[in-house]
**Student:** 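Starting off with a structure, shown below.
Proteins come first, then strands; the chains are lettered A, B, ... in the order of their sequence lines, and each starts at number 1.
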Number of protein chains: 2
Amino acid sequence: MTVDGRVARGDRTRTAALDAAVVLATEAGLHGLSLAQLADTLGVSKSGLFAHWRSKEALQLAAIDRAVEQWRERIVAPALHAPRGVRRLLALHEARIDFYAARVLPGGCFFANTQFEYNARPGPVRERLADAFARWTAFLEELVQQAVDAGELAADTDVAQLAYEIDALGMSAAMHSRLLDPDAAYRHARHGLLIRLRALCPDPTLLPEGPS
Amino acid sequence: MTVDGRVARGDRTRTAALDAAVVLATEAGLHGLSLAQLADTLGVSKSGLFAHWRSKEALQLAAIDRAVEQWRERIVAPALHAPRGVRRLLALHEARIDFYAARVLPGGCFFANTQFEYNARPGPVRERLADAFARWTAFLEELVQQAVDAGELAADTDVAQLAYEIDALGMSAAMHSRLLDPDAAYRHARHGLLIRLRALCPDPTLLPEGPS
DNA sequence: GAAAGAAGCACGACCGGTCGTATAGTTTTC
DNA sequence: GAAAACTATACGACCGGTCGTGCTTCTTTC
């Protein structure tokens, strides 16, 4: 493991570039991402970026993968400490909207922003975004199914339906994070899921009390 | 009608330009909107646009206003034919997600796309978008309040909460309209509201039956 | 073990193209 | 003929991308 070796230096540049690209793309979009601005942010030359990725599109795809990693680290992983079932579901939802309310990324949500941006832009980038979103949806459904299997949600729960609603509540919070009142959005997004879970969960002690 | 043919000609160009701008901005975003592409679409010269709007930003603001008008004409107005209360609420929601499912605009939803695009772009354009969204939210709350006042929803209904959830369900459908399965999104968005209304509405005959 | 070559990395200069914008002149319409 | 509507042209800035070059590190060879 060479610390200052030739390869290690390149790796450092690559990861730093992708981290910065995620931040910039969250603000300006993946299509609107400027390689010149990215290079300036990193303090490197623009042409040097092409030594690591053969085109802007290749960098965009790598940035999406990096954003998925960050999502797993910052949102999914902490929520997995909660016990399997509705509590884990709620923990994941809260971790997500908390991420927006805390304004970790200056531009809101990387995925929401870019997915809307590429709604009418067919191509490899949109496909990669769609893949990431499909995996996220599948993960949500898996968590819902676990809650059903554990008997914490009604057996006839519409898994896909509930997963859709959870994602919708969170995505809306991402939009409010800068355009309108983010605190109200956080409350509504959180309360919205609590209402749904209370109607489906036979054991009320599993969920926090109160309207908030 | 046309007192001066010159002015009428200019008006025609203006409205045609704004209509085209809404379509193009829905696909490429308001920031990503290209005046050259807009001029080509209209069959006019790019510089001629500056005779009607002093800058791109002025045109962007005008396009937002035009999009609001279209929203009123295409979605709000038809829904107002439904009787006041939960049926009007449901009609508005269905008109909206139907608009996405029918893919009237090639890029999905003008407002959802541009609002996410301007999440991290402060300035007059974002303020205008925020104003439009605030008015839309207020209108949704007004319709919910009407349903409560008519006794069609429980008296202790959280109006702002329900309005938030309705918008979230619709916005999520807008994203799915091109990225993933739009039909499933339509069903989930519609069913999501039905579930919530059934829990709040003491008179089940006001709502359609069945799971779909 | 040292010299020599290969490979990874980063740089500055530059290309063609597109962006929003300004100016001057032309066509259309009364 | 006057005024509104429109076009042609040009501009400076920025875009993604290429090329040639030099520096550092790893690998091969003697």
Side-chain angles (χ1 to χ4, degrees), chain A residues 1-22 24-25 27-64 114 117-118 121 123-126, chain B residues 1-21 24-25 27-64 114 117-118 121 123-126 128:
Chain A
M1 251 321 179
T2 46
V3 181
D4 276 347
R6 190 183 60 197
V7 176
R9 181 165 164 233
D11 280 344
R12 254 186 289 117
T13 302
R14 262 187 292 274
T15 56
L18 291 183
D19 282 341
V22 169
L24 292 177
E27 300 178 47
L30 266 175
H31 181 83
L33 174 66
S34 161
L35 298 186
Q37 188 185 355
L38 176 60
D40 283 351
T41 302
L42 293 166
V44 301
S45 69
K46 184 181 57 167
S47 59
L49 295 173
F50 287 89
H52 300 281
W53 299 277
R54 90 178 74 88
S55 66
K56 179 182 179 179
E57 186 179 273
L59 192 148
Q60 289 171 319
L61 295 176
I64 294 172
T114 55
E117 184 187 16
Y118 276 84
R121 295 185 197 272
V125 176
R126 187 173 80 168
Chain B
M1 186 70 176
T2 55
V3 181
D4 191 339
R6 291 171 303 182
V7 177
R9 183 172 167 220
D11 280 345
R12 254 185 287 117
T13 301
R14 261 187 293 274
T15 56
L18 290 183
D19 282 341
L24 293 177
E27 299 179 47
L30 266 175
H31 182 83
L33 174 65
S34 160
L35 297 185
Q37 189 184 357
L38 176 60
D40 283 351
T41 303
L42 293 165
V44 302
S45 69
K46 184 175 56 163
S47 56
L49 295 174
F50 287 87
H52 300 282
W53 299 277
R54 90 177 73 88
S55 67
K56 179 181 179 180
E57 186 178 272
L59 192 149
Q60 290 171 318
L61 295 176
I64 294 172
T114 55
E117 183 187 16
Y118 276 85
R121 294 185 197 272
V125 176
R126 188 173 78 168
R128 188 73 63 105

**Student:** Output the rounded distance in Å from NE2 (His31(B)) to P (dC19(C)).
**Tutor:** 12 Å
**Student:** Nearest whole angstrom, please: distance from the P of dC6(D) to the CZ of Arg14(B).
**Tutor:** 8 Å
**Student:** In terms of side-chain heavy atoms of Ala36(A), which of dG17(D), dC15(D), dC19(C) is nearest?
**Tutor:**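 The answer is dC15(D), which lies nearest to the side chain.
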**Student:** What is the distance from CZ of Arg54(B) to C1' of dT23(C), rounded to the nearest Å?
**Tutor:**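 After rounding, the reported distance stands at 19 Å.
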**Student:** Describe the nucleic acid contact of Gly32(A) in one word from base, sugar-phosphate, nothing, applying a heavy-atom distance below 4.0 Å.
**Tutor:** nothing
**Student:** Round to a whole Å and report the spacing from NZ of Lys46(A) to P of dC11(C).
**Tutor:** 13 Å
**Student:** Could you check Leu33(A) against Ser47(B) and say which one's nearest nucleotide on DNA chain D is further toward the 5' end?
**Tutor:** Ser47(B)
**Student:** Any side-chain N or O of His52(B) below 4.0 angstrom from OP1/OP2 of dC6(D)?
**Tutor:** yes
**Student:** Counting side-chain heavy atoms from C-beta on, which of dG17(D), dC19(C), dG16(D) comes nearest to Ser55(A)?
**Tutor:**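 Of the options given, the side chain of Ser55(A) lies nearest dG17(D).
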**Student:** From the set dG17(D), dT21(C), dC11(C), return the single nucleotide nearest to any side-chain atom of Leu35(B).
**Tutor:** dT21(C)
**Student:** Is a donor-acceptor pair below 3.5 Å formed from side chain Lys56(A) to base dG17(D), judging by atom type as modelled?
**Tutor:** no
**Student:** Without decimals, in angstroms, what is the distance between Leu24(B) CG and dC19(C) P?
**Tutor:**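 Going from CG in Leu24(B) over to P in dC19(C) covers 12 Å.
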**Student:** Assess the residue pair Phe50(A) and Leu35(A) against the criterion (side chain to side chain contact (heavy atoms under 4.5 Å, CB included)); give the C-alpha distance rounded to whole Å, side-chain angles, the decisive distance to 0.1 Å, and a yes or no.
**Tutor:** CA-CA 10 Å; Phe50(A) 287 89; Leu35(A) 298 186; 3.6 Å; yes
**Student:** If I take atom CG in residue Leu49(B) and atom P in nucleotide dT7(D), what distance separates them, rounded to the nearest angstrom?
**Tutor:** 9 Å
**Student:** Atom CG of Asp40(A) to atom C1' of dA13(D): distance rounded to whole Å?
**Tutor:**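 Whole-Å distance recorded here is 14 Å.
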**Student:** Could you tell me whether the side chain of Lys56(B) and the main chain of His31(B) form a donor-acceptor pair under 3.5 Å?
**Tutor:**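 Here the side-chain-to-backbone pair exists.
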**Student:** Where is the tightest heavy-atom contact between Ala16(A) and Leu42(A), given as atom of each residue plus distance?
**Tutor:**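 Looking at all heavy atoms of both residues, the closest pair is O-CD2, 3.5 Å.
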**Student:** Measuring only between side-chain heavy atoms, which start at C-beta, is Ile64(B) closer than 4.5 Å to Leu30(B)?
**Tutor:** yes
**Student:** Calculate the interatomic distance between Arg12(B) atom CZ and dA4(D) atom P; express it in whole Å.
**Tutor:** 17 Å
**Student:** Considering non-hydrogen atoms only, spot the tightest contact between Thr13(A) and His52(A) and give its length.
**Tutor:**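 Closest pair (atom of Thr13(A), atom of His52(A), distance): CG2-NE2, 3.9 Å.
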**Student:** By nearest nucleotide on DNA chain D, pick out whichever of Ser45(B) and Phe50(A) is the more 5' one.
**Tutor:**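 Closer to the 5' end of DNA chain D: Ser45(B).
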